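All remarks here apply to the structure that follows.
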Amino acid sequence: MTRLVREPGALREACDEARARGHRVGLVPTMGALHAGHLSLIETARARGATHVALTIFVNPLQFAPTDDLDRYPRTLEADLARCRELGVDVVLAPADGAMYPPGFSSAVEVGGVTAPLEGVHRPGHFRGVTTIVAKLLNLAGPCVAVFGRKDYQQWRTLARMVRDLDMPVEVVGAPIVREPDGLALSSRNVYLAAAERARALGLVTGLRAAWDAFAAGERDPERVLALARGPVEASFDRVDYVALADADDLAPVGAELGARAVLAMAAHLGTTRLIDNVVLGEDPRPGF
Ligand code: PAF
């Protein structure tokens, strides 16, 4: 049975009780509009030993800029709860209005370094909002395995850094990207795409594949790999924020020659919709097929 709780303290009680009964808690933080990518996070938590799964649904205003899509972000609580029930999630926290940031809330958690490039350049303040809410959720859940999707690659690396730096009793796990059969990475924002935009969105995965193929064939010149990735993205998107290579762990710039492993990350706009995607060259399978 899935229990829905509205108050943050009730999540803490549920997780404490579960641990007292000998369970390992798995935490899956989400903003709702659950799709197969989220469901794989639940499976990953279980595969990593979680026997009591807590899922949170909260569209966190702190991580949206005034120009972002906070107001139109899909909110589908009833459908989300039905999916959680089907999947045997034990407890869902969908906080009541004002419960996460009560009047007078004035604290923040900020991680340096890994948050600076890529999304950090284009979405100032975004990671501060993410780390603040996730620190709160981890504090509520207590010792646990916490699972995040690798589509938000920089977010995953940032949260792993935060947990290490702040000695949180949490195992942070990044779950592989889930893709549509044609290769498009699943995202709650895909619902914004009109049919023609949906087709153009494949420019991201086409770019990733071109780079993946070149890397697999032995290409190690970052500029040549980037040019191959950029071509399809620039051809199909209205505006490109970045197509970049970075160290796969801390997102530091790559050298003049690529090593055994690097993340290729991209963000681009189709009309009012911003999509991101990535692949770890030298580690991930070829994106899509
Ligand atoms: O990835 C997300 O859905 C959000 O950034 C998260 C981790 C739930 C924090 O609000």
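Whatever order the structure lists them in is the order used to number ligands and atoms, beginning at 1. None of the values given here were measured: they were computed from a predicted structure.
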Rounded to the nearest 0.5 Å, how far apart are CD of E197 and CG of N190?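 Those atoms lie 11.0 Å apart.
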
Strictly by side chain to side chain donor-acceptor pair (under 3.5 Å), give each pair with a member in residues 91-102 just once, sequence neighbours left out.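 Every pair satisfying side chain to side chain donor-acceptor pair (under 3.5 Å) with a residue in residues 91-102: N60-Y101.
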
Sort and list the pairs that fulfil side chain to side chain donor-acceptor pair (under 3.5 Å) and have at least one residue in residues 82-96, not counting sequence neighbours.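 Of all non-adjacent pairs touching residues 82-96, none passes side chain to side chain donor-acceptor pair (under 3.5 Å).
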
Dump all N/O pairs between ligand 1 and the protein below 3.5 Å as a table: atom names plus distance, one pair per row.
{"residue": "ligand 1", "atom": "1 (O)", "partner": "Q155", "partner atom": "NE2", "Å": "2.8"}
{"residue": "ligand 1", "atom": "5 (O)", "partner": "Q63", "partner atom": "NE2", "Å": "2.9"}
{"residue": "ligand 1", "atom": "5 (O)", "partner": "Q155", "partner atom": "OE1", "Å": "2.7"}
{"residue": "ligand 1", "atom": "10 (O)", "partner": "Q63", "partner atom": "OE1", "Å": "2.6"}

Residues clustering with L34 (ILVMFWY side chains joined when closer than 4.5 Å, directly or via others): L4, V28, L39, L41, I42, V53, L55, I57, L77, L81, L87, V89, V92, V145, V147, V173

Could you please spell out the steps behind the salt bridge (Lys or Arg N to Asp or Glu O under 4.0 Å) verdict for R150 and E283? CA-CA 13 Å; R150 289 197 203 178; E283 182 175 288; 3.7 Å; yes

Between D80 and R75, does any NZ, NE, NH1 or NH2 come within less than 4.0 Å of an OD or OE carboxylate oxygen? no

